[in-house]
Participant: 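Here's a structure for you.
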Amino acid sequence: MHRRSILLFGYGNHGKFVAKGLQEDGFLLKIIESNHNNYLQAKDDGFMDVEHMDVTNDRLLEVLNPQNYEKLVCVMEDEHLNVFLTLSLRSLFTESYILSISDSIHTTKKLKMAGANKVIDLYEVSANKIHNILKRPVATKLLESFVSGRDGIGFKEMIIPKNSFLEGKTTDDVDFSPYGVLLIGMIDEALGHSFVFITAGINHELNYGDTIVCIGPEDKLNAFEDEIKKRESQV
Amino acid sequence: MKQLFLSFALKLRKSKRYKETKAYVRELLNGTTNPYKKYLDIFIIFLIVTSVFILVYEVTNPVPIWLDYYDFYFVSFVFFVEYILRLWVHNDLSEHIVEEYRDAQFLHKEFKLWPVLKNGMKEKLNYMITPAAIVDLLAIFPAYRPLRVLRIFVLFRVLKLLRYAKSINQFVEVITNKRFELLTLLFLLLFIVTTAGIAIYVLEERINPEITSLFDALYWSLVTITTVGYGDIAPVTDAGRAISMLTIISGIGMISFATSVIVSAFSERLSEIKESRIIEQVNKSRSFLIVCGYGQMAKMFFRQSKDAMENYVILDKDMKRVEQARKDGYKVVQEDASRFETLSKFNVEHANITILCLTASDVENIYITLNAKSISRKMKVIARVNDINIVSKFEYAGADHLLMPNQVVNTMISTAITQPTMYKAVHAILTGKSVARIDEIHVHDEHSMVGKSVKELDFKKNKLLFIGLQRKGEFIFNPPTAEIIQSYDVLLLMGRKISLEYFRNRHEGVN
């Protein structure tokens, strides 16, 4: 199976965490860091493919061949450097998918203008969370534990493989309960790239290549993922 | 005599009815919670207004005799009763006597009535010489017709209205704060008035027919220095005129000085007055939010909820940030939330208060959390934690919810990379931007859901996805369809806003 590869810029507070998570999930990872201390830290933490370089130099960036990576992630400690880097990457490689982190309201706008495909705003996300805690405390706590997979229950997305028994069936046809998982929503490739929630009330046909997102206990999710690869349902 | 007083006091102390009556009257006159206080206030205000109206009307028109009687006997009588009652509820004389008696018995010493009585009377006297009490007393004196001068006492009835005007109290408070400056000014004024008065008296008493006494001279001097200048008395000699010129100049200086003192006193206290109004206002609501620290996080929080927020107050100790918040149009008070006095100003007992500790410093957030929890366990605290390593400290301090911006974002990034579809779904649910959302329903005794099975409720038909329920702190994922809903369960549902609301409304209320 083709291993997905990520080019990670920055090994600071956020970079450290992201790198660890990606490594655990089996991603092919290359870390770029301009700060010498952080660079040494990354080496210490056991990452093999770490490079210390000046990210403001376009020639050096080109040598990295970012187009070979699935995603470019900019999480540099220095906010200004992060914006500059995003801009350089976008101007050099128009096709790449760039994800950046923002530490303030003003930076978010700049990063978007610089051409980042996705900006995660620290404050926006946190402020959202406060609202959620105030409005629905239990749901927020549970959802959080689902996302982090703490209590054994989590989300999982899976792509419907060719010749799966799900192929050709509609979302109403399939009874997911025997598998112990719940279908949250899907991306119907036939209808474009947007995510559709199951509760929207529309009956979708499941096809090869569609992505479905399920929630459930981890073992059940894994079992289900194996299950849908089969031609006929065993349950 | 002593025995008589003592037995009377003991009897009063024992009487439940006496105590209750006294407490009721006290609440009616001075408290805020008695529902009939409003009517009493209106009644008193009505009496005052009619009394003053009669005074003014009487100047040119004859009034019927019953109106005179009304003013003379009825209003005065009511005010007299009010005064006596206020004096009565001011302190408890009988309680003092009984306490002193018990102490004396305990120590086996002779019980002396006089010192206790003296102390109690002193307290009453202290009350009697407060401005409010003096006004009350003077307002009783009726407008005794034959002596016209006495009628002016009716104006004290107008002063009684001050009791109902809060802003006047603040005005007085502001002025008393500048007592030193104003007193200095007053002494200076007295000095100049006396000096100029004596000078003009000595210089012109023989020459000027208008000045016949020292009082005339002092009167002239005050009229001149305040730049009023009636002109009924004017100096006639060159020396006298020179003195008036000096007096006028010093008068202008003094008036501008006095004005500036009062204005500056107000501008100093203006924000404080505004702030106390904000706190007063927010204390009236049954549940509100206290946001500590106006940084980036708080800004973002408010930006996202400008229209929905009603009952909140921002606390920050930094003047710059307070100014910023004020400019942005939020209700802000410059106070240090980690101080006991600050948080105890709020209606801790009767309101549901949620405190958001959003300052950038972990130490401060912990301190605020501890402070809030030490005042009342009822206050809910949501604290921001920057350093993940000290989470346990916040939990120990009693924070109800923790907000870890760095961790939230880190998880977000990881998810966005590893499972982009799921990220989209979760992000949409969390931000409430999408049509679908995850919400919770707290089941109460009155809900019609209680006792029904999951199958009966048929979530799918309502276009809802039933994810699970939380019972006694434990989460049950996707319970079997035979599961019966119980009171105090929390249902976790996903669906569109309208489906959720429809479902919630349908099952609210009794079966």
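Lettering of chains follows the sequences in order, A, B, ..., and the numbering in each one begins at 1.
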Participant: At a 4.5 Å cut-off on heavy atoms, which part of A/Ile6 comes close to chain B: side chain, backbone, both, or neither?
Facilitator: side chain

Participant: Using heavy-atom distances under 4.5 Å, tell me whether B/Leu465 contacts chain A through its side chain, its backbone, both, or neither.
Facilitator: both

Participant: B/Leu356, B/Ile467, B/Asp400: which one forms the most heavy-atom pairs within less than 4.5 Å of chain A?
Facilitator: B/Ile467

Participant: Do B/Met300 and A/Ser126 have side-chain heavy atoms sitting under 4.5 Å apart?
Facilitator: no

Participant: Select one option (side chain, backbone, both, neither) describing which atoms of B/Leu402 are under 4.5 Å from chain A's heavy atoms.
Facilitator: backbone

Participant: I want to check something: taking the side chain as every heavy atom from C-beta on, are B/Phe477 and A/Val181 in contact at a cut-off of under 4.5 Å?
Facilitator: no

Participant: Could you tell me which non-hydrogen atom of B/Ala416 sits nearest to which non-hydrogen atom of A/Ile120, and how far apart they are?
Facilitator: CB-CD1, 4.3 Å

Participant: Is there a side-chain contact between B/Leu289 and A/Leu134 in this structure, where contact means two heavy atoms from C-beta onward sitting under 4.5 Å apart?
Facilitator: yes

Participant: Provide the closest heavy-atom pair for A/Ala139 versus B/Glu440 in the form atom of the first, atom of the second, distance.
Facilitator: N-OE1, 2.5 Å

Participant: Going by heavy atoms in the side chains, are A/Val138 and B/His442 under 4.5 Å from each other?
Facilitator: yes

Participant: If you count heavy atoms of other groups shown closer than 6.0 angstrom to OH of A/Tyr97, is the number above 12?
Facilitator: yes

Participant: Which atoms of B/Gln296 are under 4.5 Å from chain A, going by heavy atoms: the side chain, the backbone, both sets, or neither?
Facilitator: both

Participant: Please look at A/Val213 and chain B and tell me whether the side chain, the backbone, both or neither of the residue comes under 4.5 angstrom of a heavy atom of that chain.
Facilitator: side chain

Participant: Taking side chain to side chain contact (heavy atoms under 4.5 Å, CB included) as the test, write out the residues that go with B/Ile484, two or more places apart.
Facilitator: B/Ser453

Participant: Please identify, among A/Lys16, A/Lys71, A/Lys20, the residue contributing the most non-hydrogen atom pairs under 4.5 Å to chain B.
Facilitator: A/Lys71

Participant: When rounded to the nearest 0.5 angstrom, what distance separates CG in B/Asn478 from OH in A/Tyr179?
Facilitator: 14.0 Å

Participant: Can you tell me how far apart CZ (B/Arg384) and NZ (A/Lys129) are? Round to the nearest 0.5 Å.
Facilitator: 12.5 Å

Participant: Is it the side chain or the backbone of B/Leu493 that comes within 4.5 Å of chain A heavy atoms, both, or neither?
Facilitator: neither

Participant: Looking at CG of B/Asn406 and NE2 of A/His14, how far apart are the two atoms once the value is rounded to the nearest 0.5 Å?
Facilitator: 4.5 Å

Participant: What distance do B/Asn410 atom CG and A/Ile101 atom CD1 have between them, rounded to the nearest 0.5 Å?
Facilitator: 6.5 Å

Participant: Please list, chain by chain and in numerical order, all residues satisfying side chain to side chain contact (heavy atoms under 4.5 Å, CB included) with A/Lys112, sequence neighbours excluded.
Facilitator: A/Thr108, A/Val119

Participant: With a 4.5 angstrom heavy-atom cut-off, is it the side chain or the backbone of A/Ile212 that approaches chain B, or both, or neither?
Facilitator: neither

Participant: Side chain, backbone, both or neither: which part of B/Leu464 has an atom under 4.5 Å from a heavy atom of chain A?
Facilitator: backbone

Participant: Quick one: pull up CZ in B/Phe475 and CD1 in A/Ile153 and give me the separation to the nearest 0.5 Å.
Facilitator: 5.5 Å

Participant: Counting only non-hydrogen atoms closer than 4.5 Å, does A/Ile215 touch chain B with its backbone (N, CA, C, O), its side chain (CB onward), both, or neither?
Facilitator: both

Participant: Distance check, rounded to the nearest 0.5 Å: A/Lys118 atom NZ versus B/Ile417 atom CD1?
Facilitator: 12.0 Å

Participant: Do you know the tightest heavy-atom contact between B/Met297 and A/Ile130?
Facilitator: CG-CD1, 4.4 Å

Participant: Answer yes or no: does atom NZ of B/Lys455 have more than 12 heavy-atom neighbours from other residues, nucleotides or ligands under 6.0 Å?
Facilitator: no

Participant: Judged by atom type as modelled, is there a donor-acceptor pair below 3.5 Å linking the side chain of A/His131 to the main-chain atoms of B/Phe301?
Facilitator: yes

